[in-house]
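Here the structure comes first, spelled out in structure tokens, and everything after it is commentary.
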Amino acid sequence: MPELPEIANLAHQMQAELVGKTIAGIEVLQPKCLNVPEADFVAALAGAKVCAVTYRGKWLRVETTQGWLFVSLGMGGETLLVTRETLPEKHRLLFDFDDGTTLSINFWWFGYAHYAPLDDVASHKMTAKLGPNALEVTADDLRALFKGRRGRVKSFLLDQSKIAGIGNFYIHDILFAARLHPLRTINTLTDTEIDALACAIHTNLRGALDRGGASYEVDLHGQNGTYTMEDVVIGYKEGKPCPVCSTEIEKIKTGSTSSFICPQCQPLER
DNA sequence: ATAAGTGTTGCGCA
DNA sequence: CTGCGCAACACTTA
């Protein structure tokens, strides 16, 4: 489940490795992940030279001389720099470069590889509507974003059009560090709690990014991250004692997703 | 072996 | 418009 730390890491490596390479060929094994007909996609990007690779939230943004390539790994997948000789078994999309290397992209079910023209990036709605990168959001930004909202704090943090990059893996520890119950409504949050939340978002994502992302995800070279379940404080630790107060950690349903909380440290009622 | 649970995003509904 | 539940269908674990 790639979230901001994994994507940021990938974008950084792709920037270092891919810039200057020319796309010699494109092979699409799953056309439904594209936003344009396969023939148009191939025609648009074949022969293009990579200019820069950046990210926004969970999206990779590859700028080429002939247009933008936007990639979202959805609920999990790999983006690997290999050769035709070392091709992984599973791949949905292949970009062959002029130097003999190949970018192999795979995702389980929900993943996108989208094209947008250079002169109209805004035509790609999915990236155009993304909020600011979670790592760059300050407490004052949060206060401004929260103004007039009435929803749950967890739903808000997962809404990529408000803040981009937080997913259902890192959010458990973020809310715990801020001592907030996921179902707290936004208009009940105090200034102190918002300060703690901004701090928690930054500390958590930065910590995972510095370790190369989650250990179950691989980077551009197939290396696993070093952010392990030992680094996770409360997420997926159902039944274990809370590290702060030793109360048993609970798994609860929060809308259509699950949440892991310490009922003592993260009370719903204040 | 069969089935449930899991991450993400867009869309339909009140 | 906004918040919320659900569907899309791959792969791991019970």
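Chain identifiers are assigned alphabetically (A, B, ...) following the order of the sequence lines, protein sequences preceding nucleic acid strands; residue numbering begins at 1 within each chain.
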Round to a whole Å and report the spacing from [atom1] of [X] to [atom2] of [N].
{"X": "R149(A)", "N": "dC1(C)", "atom1": "CZ", "atom2": "P", "value": "12 Å"}
{"X": "I166(A)", "N": "dT9(B)", "atom1": "CD1", "atom2": "C1'", "value": "16 Å"}
{"X": "Y170(A)", "N": "dT6(B)", "atom1": "OH", "atom2": "P", "value": "18 Å"}
{"X": "L183(A)", "N": "dG3(C)", "atom1": "CG", "atom2": "C1'", "value": "13 Å"}
{"X": "Y112(A)", "N": "dT9(B)", "atom1": "OH", "atom2": "P", "value": "8 Å"}
{"X": "K58(A)", "N": "dT9(B)", "atom1": "NZ", "atom2": "P", "value": "4 Å"}

Any side-chain N or O of [X] below 4.0 angstrom from OP1/OP2 of [N]?
{"X": "R152(A)", "N": "dG3(C)", "answer": "no"}
{"X": "K129(A)", "N": "dT9(B)", "answer": "no"}
{"X": "T257(A)", "N": "dT6(B)", "answer": "no"}
{"X": "R150(A)", "N": "dT2(C)", "answer": "no"}
{"X": "S155(A)", "N": "dC4(C)", "answer": "yes"}
{"X": "K154(A)", "N": "dG3(C)", "answer": "no"}
{"X": "K253(A)", "N": "dC4(C)", "answer": "no"}

Worksheet entry | Residue pairs passing the ring-ring contact (aromatic ring centres under 6.0 Å, His included) test where at least one lies in residues 62-90 of chain A, sequence neighbours excluded | W68(A)-F70(A), F70(A)-H124(A)
Practice prompt. Sorted by first residue and then second, give each ring-ring contact (aromatic ring centres under 6.0 Å, His included) pair with at least one member in residues 26-53 of chain A; sequence neighbours left out.
Written response: none
Worksheet entry | Members of residues 220-235 of chain A that approach DNA chain C, where some heavy atom sits under 4.0 Å away | none
Fill in: Any residue of residues 130-139 of chain A with a heavy atom less than 4.0 Å from an atom of DNA chain C
none
Discussion item. Only Watson-Crick and G-U wobble pairs with both distances less than 3.5 Å should count. Give DNA chain C in dot-bracket notation, marking inter-strand partners with |.
Written reply: .|||||||.|||||
Worksheet entry | 5'-most by nearest nucleotide on DNA chain B - F260(A) or M126(A) | F260(A)
Practice prompt. Have a look at L103(A) and tell me which of L220(A), L94(A), L93(A), I23(A) forms a side-chain contact (heavy atoms from CB on, under 4.5 Å) with it.
Written response: L220(A)
Worksheet item: Restricting to pairs with a member in residues 144-160 of chain A, which pass side-chain hydrogen bond (donor to acceptor under 3.5 Å, both in side chains), not counting sequence neighbours?
Response: K154(A)-N168(A), K154(A)-T254(A), K154(A)-T257(A), K154(A)-S259(A), D159(A)-S161(A), D159(A)-K162(A)
Practice prompt. Could you tell me whether the side chains of T101(A) and K21(A) share a donor-acceptor contact shorter than 3.5 Å?
Written response: yes
Worksheet item: F260(A): what forms a ring pair (Phe, Tyr, Trp, His ring centres under 6.0 Å) with it, not counting sequence neighbours?
Response: H172(A), Y236(A)
Discussion item. Tell me every residue that passes ring pair (Phe, Tyr, Trp, His ring centres under 6.0 Å) with Y115(A), counting only those two or more places apart in sequence or in another chain.
Written reply: none
Practice prompt. Return the set of residues passing side chain to side chain donor-acceptor pair (under 3.5 Å) with D119(A) (not counting sequence neighbours), or none when no residue passes.
Written response: none
Worksheet item: Taking only residues two or more places apart in sequence or in another chain, which ones pass side-chain contact (heavy atoms from CB on, under 4.5 Å) with K90(A)?
Response: N106(A)
So does [Y] get a backbone contact from the side chain of [X], meaning a donor-acceptor N/O pair under 3.5 Å?
{"X": "T228(A)", "Y": "E230(A)", "answer": "yes"}
{"X": "R211(A)", "Y": "G207(A)", "answer": "yes"}
{"X": "N35(A)", "Y": "H114(A)", "answer": "no"}
{"X": "K237(A)", "Y": "V232(A)", "answer": "yes"}
{"X": "T185(A)", "Y": "N187(A)", "answer": "no"}

Discussion item. Need one value for S258(A): base, sugar-phosphate or nothing, where a base atom within 4.0 Å counts as base even if backbone is also close, heavy atoms only.
Written reply: sugar-phosphate
Worksheet item: With respect to the side chain of E3(A), which nucleotide from dC4(C), dG10(B), dT8(B) is positioned closest?
Response: dT8(B)
Worksheet entry | Which residues share a salt bridge (charged side-chain N to carboxylate O under 4.0 Å, His left out) with D195(A), sequence neighbours left out | R143(A)
Response to the item:
Going 5' to 3' through nucleotides 5-14 of chain C and flagging B where a protein heavy-atom sits under 4.0 Å of the base, S where only the sugar-phosphate is that close, and - otherwise, we get SB-BBBS---
